[in-house]
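Please read the structure below before turning to the comments.
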Amino acid sequence: MVTITLPDNSTRSFDSPPTVRDIAASIGAGLAKAAIAGKIDGKLVDLSHPVDHDARVEIVTEKSPEALDIIRHSTAHLLAQAVQRLYPGTQVTIGPVIENGFYYDFARPEPFKPEDLPAIEAEMKKIAAEALPVSRSVKSRDEATKFFRDMGEEYKAQIIESIPANEELSLYTQGEFTDLCRGPHVPDTGKLKSFKLMKVAGAYWRGNSDNEMLSRIYGTAWLNDKDLKAYLTQLEEAEKRDHRKIGKQLDLFHQQEEAPGMVFWHPNGWIIWQQVEQYMRRVYRESGYQEVRCPSILDVSLWKKSGHWDNYKDNMFFTESEKRTYAVKPMNCPGHVQIYNDGLHSYRDLPIRYGEFGSCTRNEPSGALHGIMRVRAFTQDDGHIFCTEEQIESEVTAFHEQALNVYRHFGFSDVAIKLALRPEPRLGSDEVWDKAEAALRDALRACGAEWEELPGEGAFYGPKIEYHLKDAIGRTWQLGTMQVDFMMPERLGAEYVDEQSQKRHPVMLHRAIVGSMERFIGILIEHHAGNFPAWLAPVQAVVMNITDAQADYADEVAKALNERGFRARADLRNEKIGYKIREHTLHKVPWLLVVGDREKALGTVSVRALSGEDMGNMPLPEFVERLSSAGVSR
RNA sequence: GCUCACGUAGCUCAGUCGGUAGAGCACUUCCUUGGUAAGGAAGAGGUCACAGGUUCGAUUCCUGUCGUGAGCACCA
């Protein structure tokens, strides 16, 4: 006798152990049909799983939060089966669920091509239509290894060898295809309806670049066609926001072959940069930083002392002169330590905070470059705080507040915090790392923040807090960082004199809010889809005359606006007003001012917002007042 | 760096099964002076990424280099 408790706390008894499917059927035929999997005491299982003891059981249907992952995982198997039907001899490896879909890595001499995808997808649809039942079986380690070796599936055999001995090995079979898998899976392939293969790519076996490259196929899968379509639409939306495209449309910057991973900022783009920089400069000032500036190249000996040479020499640029080797600086911290070291410091001076818009150059691998988001020459809003251990907490909490304010100011309100812990390899003893990690945890706790911990993700000299922001279409970007560093001051000989006249090493905090200016502007472009808030817009207003008769007045209006600190231009071209409006709308100018005979006679402007909204006719001073009160000139 | 794809006018793209290229927009000139998302006409503009090879002939085919894109790996 087995007693089952359902989520509504009702119970059902069975004479012999029922399967999850039996339980669903006993509740209703409709539920049995909709069932995808089950949960026994919170653990996900297949529908065919027997329940041999009293337990709480839940039927997983499309409405359950777990359903999507199961469907995606099963769709990955569907892909593998289709591939093996069409390309016999292809070895299967792994096929996990990822955000929005799944992938499967295959081993074969010829990698898959984009042209192969339609045929594979068609075969998947065919297998889904066959509605093959999916069955689970358990094999011993030796049996399973032999099973896959006999089929020529060397990678699967290797995976089995890496699974801990105490774990059960389960196999899932659908038709002629069997895969090693933890499960659970849908009961039959007919449950898989809304999927699409997206792209092919190379990927290393076990994620290690020393291993052979496999051929990966990415796919997306959803509960229904409507969700699938919505996802594809969202991808199109992301494509429209691409900063490389908008950067070209709005004439913000360009990149060219002779300077891979570097940016040529055009006048429009540089205005945005300056707005961001001036704003961040104010943040430095208001939070007690002194702005400094360091040389771009420094003798390589300094980078050997700091540890950067050991860890990053392959990613640094070097230059030589008169038998000395210099490194183009990849970071600003050693420079800031030199400024700190030039003079004697008392404990009374601490904390000392230096800020710099520091230009860094790193020889990033060519494959890592991406528009202005990942470049070789970039500028950080980089700051370093020299303080005592006791001051860490208050410095970190103050920074935290400041960072959140900045993000809000730029229109980001959804911020997640992560704490990256000690990596391999690293500098320093475990005791020092314990201390550094504890200091950051304490500070976060003091801020009342919630955070996620990322083991192994810290910098080689210290752990770091990371700020991850969500943009307008739900993508996340890591921006700010706060890192505690007990190593660098000692390595580079930074000291202060304490109350007992003893020399001691200060703690160094590395911090950035927007991180790379290039990347941040790229993110701003995509977040706003090019429709910048007026304070960032390269051109805030364009004054357009209707006919030549108002050219002088339009010019006057533009001049008056410029004199009041706004970025305004007059468009006096001999074009129809509709043409000018279209053009400046496409260039995303926040305000379009139309002046004809009426406006000229009355000294007014006719205002049109970027959205197309007609804001009516108003005297120029009133328009200026509106801009000022909207905080546009900051 | 690795795998695959791509590189044609300022931009977006077509095209050439090997006979040195075309559209729209932008640009220049002229006509038009028009009230809220494209008025008309004419003109100019390209060593088809670069370097080799095959060929009577290469933008087209082959090889290499550089760059770009999508992933992987990397991201102090």
Side-chain angles (χ1 to χ4, degrees), chain A residues 98 103 105 110-116 198-218 242 244-245 248-249 251 254-261 303 306-316 329-334 360 362-371 373-376 378 380 382 423 426-427 457-462 464 478 481 483 485 488 510 515-516 519 544-551 573-586 592-599 606-610 612-615 617:
Chain A
I98 51 171
Y103 65 79
D105 284 348
E110 279 287 296
F112 288 109
K113 300 216 167 90
E115 304 90 271
D116 300 330
M198 304 299 288
K199 54 196 167 198
V200 295
Y204 298 108
W205 167 234
R206 297 203 148 135
N208 185 333
S209 58
D210 295 333
N211 291 344
E212 56 274 38
M213 171 102 24
L214 305 172
S215 182
R216 174 174 296 179
I217 298 179
Y218 282 92
D242 191 313
R244 293 164 297 194
K245 198 170 153 179
K248 210 172 268 177
Q249 280 164 359
D251 195 16
H254 86 270
Q255 297 177 282
Q256 66 187 46
E257 282 201 23
E258 290 83 352
W303 302 103
S306 70
H308 289 96
W309 199 83
D310 287 337
N311 284 279
Y312 291 105
K313 63 173 176 300
D314 291 344
N315 296 310
M316 289 164 68
K329 73 171 165 167
M331 289 197 87
N332 302 301
C333 36
C360 297
R362 299 178 182 175
N363 193 7
E364 304 283 6
S366 55
L369 304 179
H370 177 84
M373 299 286 206
R374 184 87 183 267
V375 288
R376 291 196 172 128
F378 59 98
Q380 284 178 307
D382 202 3
R426 59 175 178 263
L427 297 179
E457 301 276 308
F460 71 89
Y461 50 73
K464 55 183 180 186
Q478 190 204 317
T481 178
Q483 312 175 5
D485 179 359
M488 203 67 64
H510 305 245
S516 148
R519 181 160 174 273
M544 293 166 272
N545 56 335
I546 306 268
T547 70
D548 291 345
Q550 309 92 34
R573 291 174 304 169
N574 174 17
E575 296 289 352
K576 290 197 170 182
I577 196 67
Y579 180 93
K580 294 188 192 178
I581 285 180
R582 175 183 153 82
E583 192 171 292
H584 295 116
T585 300
L586 291 174
L592 305 183
L593 308 185
V594 177
V595 296
D597 285 336
R598 285 200 297 276
E599 288 79 5
S606 174
V607 183
R608 180 189 160 109
L610 178 54
E613 185 197 351
D614 182 0
M615 296 170 69
N617 209 286

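Each chain gets a letter, A, B and so on, in the order the sequences are listed, and its residues count up from 1. What you see below is based on every heavy atom in this structure, not just the backbone, and it leaves out hydrogens, waters and symmetry mates.
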- Message: From CD of A:Glu457 over to C1' of B:A73, roughly how many Å is that when rounded to an integer?
- Response: 14 Å
- Measure from the side chain of A:Ala459, starting at C-beta and using heavy atoms only, and say which of B:C74, B:A76, B:U36 lies closest. B:A76
- Which is true for A:Gly207 with a 4.0 Å heavy-atom rule: it touches a base, it touches only sugar-phosphate, or it touches nothing? sugar-phosphate
- Query: Does A:Arg374 make a side-chain donor-acceptor contact with the base of B:C74, cut-off 3.5 Å?
  - Reply: yes
- Message: Just the rounded figure in Å: distance from C1' of B:C75 to CD of A:Gln478.
- Response: 10 Å
- Protein-nucleotide distance (A:Met373, atom CE; B:C74, atom C1'), rounded to Å: 18 Å
- Query: Can you list the residues that meet the salt bridge (Lys or Arg N to Asp or Glu O under 4.0 Å) rule with A:Lys329, with sequence neighbours excluded?
  - Reply: A:Glu356
- Message: What is the distance, to the nearest angstrom, from the CG atom on A:Leu586 to the P atom on B:U36?
- Response: 17 Å
- Note on the structure: Comparing A:Tyr461 with A:Thr547, nearest RNA chain B nucleotide closer to 5' gives the residue A:Thr547
- Message: Taking B:C25 as the reference, what is the distance to B:G40 when you measure between their P atoms (whole Å, please)?
- Response: 9 Å
- Task: Treat primed atoms plus P, OP1 and OP2 as sugar-phosphate and everything else as base, then score nucleotides 39-45 of chain B 5' to 3': B for base contact with protein heavy atoms under 4.0 Å, S for sugar-phosphate contact only, - for none.
- Result: S------
- Sugar-phosphate only, base, or nothing, as touched by A:Pro365 at under 4.0 Å among non-hydrogen atoms: base
- Task: Output all residues satisfying ring-ring contact (aromatic ring centres under 6.0 Å, His included) with A:Tyr312, sequence neighbours left out; order by chain, then residue number.
- Result: A:Phe460
- Item | P atoms of B:A58 and B:G1, separation to the nearest Å | 31 Å
- Query: Between atom CD in A:Glu583 and atom C1' in B:C11, what is the gap in whole Å?
  - Reply: 13 Å
- Task: Indicate, yes or no, whether a donor-acceptor pair under 3.5 Å links the base of B:U36 to the side chain of A:Asp614.
- Result: no
- Whole-Å P distance, B:C11 and B:C27: 15 Å
- Item | Taking every non-hydrogen atom, the tightest pair across A:Ala549 and A:Asp597 | CB-OD1, 4.2 Å
- Which of B:A76, B:C72, B:A37 is nearest the side chain of A:Tyr218? It is B:C72
- Query: What's the CG-P distance between A:Asn545 and B:U33, to the nearest Å?
  - Reply: 15 Å
Just the atom pairs and distances: protein N or O near nucleotides 12-17 of chain B's N or O, under 3.5 Å.
residue : atom : partner  : partner atom : Å
B:U12   : OP1  : A:Lys248 : NZ           : 3.3

- Note on the structure: On RNA chain B, more 5' by nearest nucleotide between A:Asp597 and A:Ala203 is A:Asp597
- Message: Just to verify, what does A:Tyr218 make a side-chain hydrogen bond (donor to acceptor under 3.5 Å, both in side chains) with, not counting sequence neighbours?
- Response: A:Arg216
- Note on the structure: Side-chain atoms of A:Pro111 come closest, of B:U3, B:C27, B:A73, to B:U3
- Query: For the pair made of CD1 in A:Ile546 and P in B:A37, what is the distance, rounded to whole Å?
  - Reply: 12 Å
- Distance between P atoms of B:A73 and B:A38 (Å, rounded): 48 Å
- Query: What nucleic acid atoms does A:Asn311 come within less than 4.0 Å of, heavy atoms only: base, sugar-phosphate, or nothing?
  - Reply: nothing
- Heavy atoms under 4.0 Å, any strand shown: does A:Arg608 hit a base, just sugar-phosphate, or nothing? base
- Note on the structure: A:Arg426 meets the side-chain hydrogen bond (donor to acceptor under 3.5 Å, both in side chains) criterion, sequence neighbours left out, with A:Glu424, A:Asp430
- Query: In terms of side-chain heavy atoms, does A:Glu364 have a donor or acceptor partner in A:Asn315 at a distance below 3.5 Å?
  - Reply: no
- Just call it for A:Asn315: base, sugar-phosphate, or nothing, with non-hydrogen atoms closer than 4.0 Å on any strand. base
- side-chain contact (heavy atoms from CB on, under 4.5 Å) involving A:Thr585 - partner list, sequence neighbours excluded: A:Ile581, A:Leu592, A:Leu610
- When you compare B:A49 with B:G15, how far apart are their P atoms, in angstrom units rounded to a whole number? 15 Å
- Note on the structure: Here the pair of heavy atoms bringing A:Asp614 nearest to A:Val607 is OD1-O, 3.4 Å
- Taking the C1' atom of each, how far is B:G24 from B:C6, in whole Å? 23 Å
- Query: Which atoms form the tightest heavy-atom contact between A:Ile546 and A:Gly596, and what is the distance?
  - Reply: CG1-CA, 3.5 Å
Can you give me the N/O atom pairs linking the protein to nucleotides 61-70 of chain B at distances under 3.5 Å, or say none if there are none?
residue : atom : partner  : partner atom : Å
B:C66   : O2'  : A:Glu257 : OE1          : 3.4
B:G69   : OP1  : A:Arg244 : NH1          : 3.0
B:G69   : OP1  : A:Gly371 : N            : 3.3
B:G69   : O3'  : A:Arg244 : NH1          : 3.3
B:A70   : OP1  : A:Arg244 : NH2          : 3.3
B:A70   : OP2  : A:His370 : ND1          : 3.2

- Closest to side chain of A:Met213, choosing from B:G71, B:A73, B:A76: B:G71
- Query: Taking the same atom, C1', in B:U54 and in B:U63, what whole-Å distance lies between them?
  - Reply: 11 Å
- What is the minimum heavy-atom distance between A:Asn617 and A:Ser606, and which atoms define it? ND2-CB, 3.8 Å
- Message: Using only modelled atom types and a 3.5 angstrom limit, is any donor from either the side chain of A:Ser606 or the base of B:U36 paired with an acceptor on the other?
- Response: yes
- Message: A quick test of your reading: do over 12 heavy atoms of other residues, nucleotides or ligands sit less than 6.0 Å from CD of A:Glu110?
- Response: no
- Range-with-range stems for RNA chain B, at least three Watson-Crick or G-U pairs under 3.5 Å: B:1-7 with B:66-72, B:10-13 with B:22-25, B:27-31 with B:39-43, B:49-53 with B:61-65
- Over how many whole Å does the gap from A:Arg598 atom CZ to B:U36 atom C1' extend? 11 Å
- Message: Taking atom types as they are modelled, would you say the side chain of A:Tyr204 forms a donor-acceptor pair with the base of B:G71 within the 3.5 Å cutoff?
- Response: no
- Message: Just to be sure I understand the rule, does A:Lys313 reach a base, reach only the sugar-phosphate, or reach nothing, if contact means heavy atoms closer than 4.0 Å?
- Response: nothing
- Message: The criterion is side-chain hydrogen bond (donor to acceptor under 3.5 Å, both in side chains); which residues satisfy it with A:Gln483, sequence neighbours excluded?
- Response: A:Tyr461, A:Thr481
- Quick one: list whatever passes ring-ring contact (aromatic ring centres under 6.0 Å, His included) with A:His254, sequence neighbours left out. A:Phe264, A:His266
- Message: Distance criterion of 3.5 Å, no angle test: do you see the side chain of A:Glu599 paired donor-to-acceptor with the base of B:G35?
- Response: yes
- Looking only at atom C1', what distance separates B:C13 and B:A21, rounded to whole Å? 14 Å
- Note on the structure: Closest heavy-atom pair, A:Ala609 versus A:Met615, reported as atoms and distance to 0.1 Å, is CB-SD, 3.8 Å
- Message: Looking only at the side chain of A:Lys113 (C-beta and beyond, no hydrogens), which of the listed nucleotides B:C4, B:G34, B:U36 gets closest?
- Response: B:C4
- Message: Tell me every residue that passes side-chain hydrogen bond (donor to acceptor under 3.5 Å, both in side chains) with A:Lys580, counting only those two or more places apart in sequence or in another chain.
- Response: A:Asn545
